[in-house]
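First listed ligand is number 1; within each ligand, the first listed atom is number 1. It should be emphasised that the depicted structure is a prediction, and the values quoted were computed from it without experimental measurement.
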Amino acid sequence: MSSLVAEQAAFLIDVTRLIQFATAEGWVITGGELWRSPEQQEIYFRSGRSKTMNSNHLRRCAIDLNFFWNGRLVWDKELIRTVGEYWESLSSKNRWGGNFKGFVDVPHFERRV
Ligand SMILES: [Zn+2]
């Protein structure tokens, strides 16, 4: 098994833990992007939706999740912070986009590989 596959598998196990944790906290979670093609990344990069051509989405080590509370989609970083901190507690490699400097990306959870 390649080291990247091992990282991808560990990432996905942490995602399952994250979803269970957030659900227990009362969130309703739906899935957004996980793997992203280089072609799609370039579209996001050119439009400004992404600031990098080196996204962990390209390596299957990032996921965007939608957080609903009382049926409403929530983007507020402070409301999701407990979940983001839980994510970062699962592995020293985990980063929550809500803690990014400059380009804050609240729905984004990644494993740095
Ligand atoms: Zn993302």
Side-chain angles (χ1 to χ4, degrees):
M1 186 165 69
S2 80
S3 62
L4 181 56
V5 170
E7 297 286 356
Q8 291 166 334
F11 166 74
L12 208 56
I13 287 169
D14 280 355
V15 171
T16 69
R17 292 180 174 137
L18 181 78
I19 292 167
Q20 292 201 26
F21 175 84
T23 300
E25 292 279 299
W27 292 99
V28 172
I29 309 288
T30 69
E33 279 188 272
L34 196 164
W35 178 69
R36 186 178 296 161
S37 69
E39 293 79 12
Q40 187 65 48
Q41 185 66 34
E42 186 158 357
I43 290 169
Y44 288 167
F45 184 70
R46 287 175 183 275
S47 73
R49 185 170 161 183
S50 177
K51 298 297 181 193
T52 180
M53 277 301 294
N54 191 33
S55 170
N56 278 304
H57 284 288
L58 299 166
R59 292 182 283 277
R60 303 178 195 271
C61 283
I63 191 169
D64 304 320
L65 297 171
N66 306 307
F67 288 79
F68 291 87
W69 195 271
N70 290 332
R72 300 188 68 164
L73 184 61
V74 174
W75 294 89
D76 188 317
K77 177 173 70 172
E78 295 312 321
L79 293 176
I80 298 171
R81 176 165 300 284
T82 304
V83 178
E85 288 177 353
Y86 177 75
W87 175 253
E88 294 191 348
S89 79
L90 291 173
S91 167
S92 62
K93 296 180 178 179
N94 287 357
R95 295 290 182 275
W96 171 46
N99 281 337
F100 285 0
K101 304 300 177 204
F103 189 70
V104 176
D105 194 359
V106 174
H108 177 96
F109 298 81
E110 70 175 22
R111 182 178 181 88
R112 293 262 165 100
V113 295

| remark: Counting only protein N, O or S atoms and ignoring waters, those under 2.8 Å from the Zn ion (ligand 1) are His57 NE2, Asp64 OD1, His108 ND1

| said: Looking at Glu7 and Lys93, is any side-chain nitrogen of the basic one under 4.0 Å from a carboxylate oxygen of the acidic one? | reply: yes

| field | Residues which pass salt bridge (Lys or Arg N to Asp or Glu O under 4.0 Å) with Glu110, listed by chain and number, not counting sequence neighbours | value | Arg112

| field | salt bridge (Lys or Arg N to Asp or Glu O under 4.0 Å): pairs with one or both residues in residues 15-35, sequence neighbours excluded | value | Asp14-Arg17, Glu33-Arg36

| request: Give a yes or no on whether the backbone of Gln20 and the side-chain of Thr23 come within a donor-acceptor separation of less than 3.5 Å. | output: no

| request: Would you check if the side chain of Trp69 reaches a backbone N or O of Trp27 as a donor-acceptor pair within less than 3.5 Å? | output: no

| request: Quick one: name the residues clustered hydrophobically with Val28, using the 4.5 Å side-chain heavy-atom rule over I, L, V, M, F, W, Y, and just say none if it's on its own. | output: Phe68, Leu73, Trp75

